[in-house]
Engineer: 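One structure is given below, represented as C-alpha cells, and several questions about it will come after.
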Amino acid sequence: MAEPLVIVERQGATARLILNRPDRLNALTAPLLQALTQALDRLESDLSVRALLLTGAGRAFSAGQDLDEPGVMDAGDLPAALHHTLENNYHPAAMALRLHRCPVVVAINGIAAGAGCNLALAGDFVLASEEAGLLQAFARIGLIPDCGGTWLLPRLIGEARARQLAFLAEPLSARQAEAWGLINRAVPADRLLDEAQALAERLATGPTRAYQLMKRAFAESWSNGYSHQLGLEAELQRLAGASTDFAEGVAAFRAKRTPGFTGC
Ligand code: T3D
C-alpha cells in the first residue's frame with residue numbers, strides 16, 4: 001500500500017500531522033495539499049482533538065511547490081495552471097490551517113521554502129530546529145511570495161524585512177527568524193519535537209473555544225479600526241462567556257484551584 005502523503009497520529013487530545021514526501025523534501029503537490037486539507041477538516045469536526053502539531057518527515061519541513069509536478073509544471077497553459085492550483089489546492093489548505101478550531105503548533109524540522117515556508121507561518125505557534133532555514137524562494141524562479149506570504153511577512157516582521165526576504169530570496173536561519181519575531185522559538189534539533197509536543201499538550205488542556213475566538217479576533221483586527229475591534233471583542237466575549245470553560249475558570253479562581261477546562 002502507498003505511504004500516506006500526510007500522516008496523522010493521535011496522542012491524547014493532540015493530533016500530529018506529518019507532511020510525508022521525504023525523498024522530495026516534502027515538496028507540495030495537489031494530492032498532498034488535498035490530503036492536508038482533508039485531514040485538517042476531519043480534525044475540525046473531531047471535538048476530542050484540542051491542539052494540532054504540523055511537521056515534516058525526513059530532513060526538510062517542505063521545499064514548497066513541487067517544481068516537477070506533472071499536470072502543473074508541464075501544463076500547456078502554465079500561468080493558468082499556477083493560478084488554478086493556488087485557488088484550488090493551496091488556499092483551502094492555508095485557510096483550514098489558519099482558521100482551525102484548534103491551536104496549531106508548527107515544528108519546522110528542516111528547510112521551509114516557498115509555499116512550504118508560508119504554510120508553516122500560518123500556524124499559531126512556530127518552533128524551528130536551530131538547523132532549519134526559512135526561505136522565500138519565489139524570486140529565485142521569477143515568482144512572488146504566495147500562500148499568504150505577502151500578507152503574513154509584513155505583519156510579522158515589518159515591510160523592510162519582508163521585502164528583504166522576498167526580493168533577495170536568501171535563507172534566514174532559525175535563530176535570526178526568532179530574533180526578528182518571525183517565529184516563536186528556535187530550539188536544538190534533538191529537542192524540537194518534544195518541545196512542540198509539550199506545547200501542543202499544554203494548549204490541549206486550555207480553553208479551546210476561547211482560543212478559537214482569539215484566532216478570529218486577531219484575524220479580523222487587521223481590517224478593523226479600533227472602535228470596530230472593540231465591538232468585535234464584545235461580541236466574541238459574549239460567545240466565550242457562554243462556554244463551560246468560562247464558568248469553570250471563574251469557579252476555579254474562587255476555589256483557589258487549577259481549572260479543568262474541557263474545551264466546551
Ligand atoms: O501556483 C503554483 O503552483 C506556484 C506555487 C508556487 C509556490 C512555491 O512554493 S514556489 C517555490 C518552489 N520551491 C523552490 O523554489 C525551492 C526549490 N528547492 C531548493 O531551492 C532546494 O532544494 C532547497 C533550498 C529547498 C534545499 O536544498 P538542498 O541542497 O538541501 O537539497 P537539494 O539537493 O536541492 O534537493 C534534494 C532533492 O529534492 C533534489 O532531488 P534529487 O537531485 O535528489 O533527485 C531536488 O531536486 C528535490 N527538490 C527540492 N526542492 C524541490 C525538489 N523537487 C521538486 N520540487 C521542489 N520544490
Side-chain angles (χ1 to χ4, degrees), residues 2-3 5-6 17-37 40 54-98 106-123 126 128-154 156-157 162-177 182-183 186 189 192:
E3 280 278 303
L5 293 167
V6 176
L17 298 102
I18 307 169
L19 307 177
N20 190 35
R21 294 185 74 216
D23 53 326
R24 307 311 295 164
L25 305 188
N26 303 317
L28 303 168
T29 57
L32 186 151
L33 290 160
Q34 286 159 10
L36 178 61
T37 305
L40 289 165
L54 175 67
T55 192
R59 72 176 176 92
F61 177 78
S62 169
Q65 168 64 33
D66 186 323
L67 298 178
D68 297 320
E69 185 177 10
V72 178
M73 299 311 295
D74 60 359
D77 187 346
L78 184 53
L82 296 183
H83 183 266
H84 181 271
T85 194
L86 280 173
E87 294 275 25
N88 290 282
N89 300 314
Y90 281 90
H91 298 176
M95 291 294 281
L97 196 61
R98 183 84 184 157
V106 177
I108 301 182
N109 53 302
I111 186 78
C117 184
N118 294 335
L119 266 186
L121 296 176
V126 183
S129 154
E130 283 172 349
E131 288 161 26
L134 287 81
L135 173 62
Q136 294 293 316
F138 306 89
R140 291 186 178 191
I141 54 169
L143 292 181
I144 68 161
D146 60 19
C147 204
T150 58
W151 193 91
L152 288 165
L153 291 171
L156 288 167
I157 54 175
R163 284 170 200 266
Q164 181 180 326
L165 293 185
F167 285 39
L168 300 183
E170 289 169 350
L172 189 72
S173 70
R175 278 262 165 249
Q176 194 62 52
L182 184 59
I183 64 169
L192 177 69

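Both counts, for ligands and for their atoms, begin at 1 and track the order of listing. The structure presented is a predicted model; accordingly, all values stated were derived computationally and were not measured.
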Engineer: Please check if a non-hydrogen protein atom sits closer than 4.0 Å to atom 29 (O) of ligand 1.
Structural biologist: no
Engineer: Considering heavy atoms of the protein only, find what lies nearest to atom 32 (P) of ligand 1 and give residue, atom and distance to 0.1 Å.
Structural biologist: R59 NH2, 4.1 Å
Engineer: Could you find the nearest protein heavy atom to atom 20 (O) of ligand 1 and give me its residue, atom name and distance?
Structural biologist: R140 NH1, 4.2 Å
Engineer: Which residue owns the protein heavy atom closest to atom 26 (C) of ligand 1, what's the atom, and how far is it?
Structural biologist: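 The answer is L25 CD1, 3.7 Å.
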Engineer: Please give me the minimum heavy-atom distance between A94 and C147, naming the atom from each residue.
Structural biologist: CB-SG, 4.2 Å
Engineer: Taking atom 23 (C) of ligand 1 as the reference point, report whether a protein heavy atom occurs under 4.0 Å from it.
Structural biologist: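 No, there is no protein heavy atom closer to it than 4.0 Å.
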Engineer: Does atom 47 (C) of ligand 1 have a protein heavy-atom neighbour under 4.0 Å away?
Structural biologist: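 Flag for atom 47 (C) of ligand 1 set to true, protein heavy atom closer than 4.0 Å.
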Engineer: What I'd like to find out is whether the side chain of P22 reaches to under 4.5 Å of the side chain of E3, using heavy atoms alone.
Structural biologist: no
Engineer: Does E131, at its CD atom, have more than 12 non-hydrogen atoms belonging to other residues, nucleotides or ligands within less than 6.0 Å?
Structural biologist: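 Result for CD/E131: open.
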Engineer: What pairs meet the side chain to side chain donor-acceptor pair (under 3.5 Å) rule with one or both residues in residues 144-154, with sequence neighbours excluded?
Structural biologist: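 Passing the test, one end in residues 144-154: no pairs.
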Engineer: Identify, by atom number and element, the atoms of ligand 1 in contact range of Q65, meaning under 4.0 Å from any of its heavy atoms.
Structural biologist: 3 (O), 5 (C), 6 (C), 7 (C), 8 (C), 9 (O), 12 (C), 55 (N), 56 (C), 57 (N)
Engineer: Tell me the contacting part of D66 for ligand 1: side chain, backbone, both, or neither, using a 4.0 Å heavy-atom threshold, strictly below.
Structural biologist: both
Engineer: Go through ligand 1 atom by atom and flag the ones less than 4.0 Å from a non-hydrogen atom of G64.
Structural biologist: 9 (O)
Engineer: For atom 6 (C) of ligand 1, what is the closest protein heavy atom, and at what distance to 0.1 Å?
Structural biologist: D146 OD2, 3.4 Å
Engineer: Using a 4.0 Å cut-off to any heavy atom of T85, which atoms of ligand 1 qualify?
Structural biologist: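 Result: 1 (O), 2 (C), 3 (O).
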Engineer: Does any N or O of ligand 1 fall below 3.5 Å from an N or O anywhere on I111, backbone included?
Structural biologist: no
Engineer: Using modelled atom types only, decide if a donor and an acceptor are shared between the side chain of N20 and the backbone of N26 within a distance under 3.5 Å.
Structural biologist: no
Engineer: For G114, is at least one N or O under 3.5 Å away from an N or O on ligand 1?
Structural biologist: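 In fact, backbone or side chain, G114 has no N or O that close.
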Engineer: Using side-chain heavy atoms (C-beta onward) and a distance below 4.5 Å, is Y90 in contact with N118?
Structural biologist: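 No, every pair of side-chain atoms sits at 4.5 Å or beyond.
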Engineer: Looking at atom 41 (P) of ligand 1, what's its closest protein heavy atom, distance included?
Structural biologist: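 Sorting protein heavy atoms by distance from atom 41 (P) of ligand 1 puts R24 NH1, 4.0 Å first.
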Engineer: Side chains of D66 and M73: closer than 4.5 Å at any heavy-atom pair?
Structural biologist: no
Engineer: Which residue and non-hydrogen atom of the protein lie closest to atom 55 (N) of ligand 1, and at what distance in Å?
Structural biologist: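 Checked against all protein heavy atoms, atom 55 (N) of ligand 1 sits closest to L67 N, 2.8 Å.
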Engineer: Is atom 34 (O) of ligand 1 near the protein, in the sense that some protein heavy atom lies at less than 4.0 Å from it?
Structural biologist: no
Engineer: Check each atom of ligand 1 against the heavy atoms of L86 and keep those under 4.0 Å away; list them by number with element.
Structural biologist: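 So the answer, numbered in order with elements, is 1 (O).
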Engineer: Take atom 9 (O) of ligand 1 and look for protein heavy atoms under 4.0 Å from it; say yes if you find one, no if not.
Structural biologist: yes
Engineer: Can you confirm, on distance only, whether ligand 1 has an N/O atom lying under 3.5 Å from any N/O atom belonging to H83?
Structural biologist: no
Engineer: Is the closest side-chain heavy-atom distance between S62 and L28 below 4.5 Å?
Structural biologist: yes
Engineer: Any donor and acceptor pair, going by atom type alone, linking the side chain of N89 with main-chain N or O of L33 inside 3.5 Å?
Structural biologist: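 It does not hold such a pair.
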Engineer: Of all the atoms in ligand 1, which lie at a distance below 4.0 Å from a heavy atom belonging to F138?
Structural biologist: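 With F138 as reference, the close atoms of ligand 1 come out as 7 (C), 8 (C), 9 (O), 10 (S).
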Engineer: Is the shortest distance from atom 39 (C) of ligand 1 to a protein heavy atom below 4.0 Å?
Structural biologist: no
Engineer: Taking the side chain as every heavy atom from C-beta outward, state whether L172 and L135 have any pair of such atoms under 4.5 Å apart.
Structural biologist: no
Engineer: Contact between I108 and V126 at the side-chain level, heavy atoms closer than 4.5 Å - yes or no?
Structural biologist: yes
Engineer: What part of L82, side chain, backbone, both or neither, has a heavy atom within less than 4.0 angstrom of ligand 1?
Structural biologist: both
Engineer: Name the option, out of G110, A63, C117, that contains the heavy atom nearest to atom 16 (C) of ligand 1.
Structural biologist: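 Result: the heavy atom closest to atom 16 (C) of ligand 1 is in A63.
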Engineer: Which ligand 1 atoms are under 4.0 Å away from a heavy-atom of A115?
Structural biologist: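 Per the distance check, 7 (C), 8 (C), 9 (O).
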Engineer: Would you say R140's side chain and A169's backbone share a donor-acceptor pair under 3.5 angstrom?
Structural biologist: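 Flag set: sc R140 to bb A169 pair under 3.5 Å.
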Engineer: Quick check: do R24 and D68 have side-chain heavy atoms less than 4.5 Å from each other?
Structural biologist: yes
Engineer: Checking the side chain of N109 only, and the main-chain atoms of L192 only, is there a donor and an acceptor separated by less than 3.5 Å?
Structural biologist: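 The answer is no, because no donor-acceptor pair under 3.5 Å joins these two groups.
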Engineer: Under 4.0 Å, heavy atoms only, figure out whether ligand 1 is touched by the backbone of L28, its side chain, both or neither.
Structural biologist: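 For L28, no heavy atom sits under 4.0 Å from ligand 1.
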Engineer: Evaluate the criterion side chain to side chain contact (heavy atoms under 4.5 Å, CB included) for residue pair T55 and V106; output intermediate values, then yes/no.
Structural biologist: CA-CA 6 Å; T55 192; V106 177; over 6 Å; no
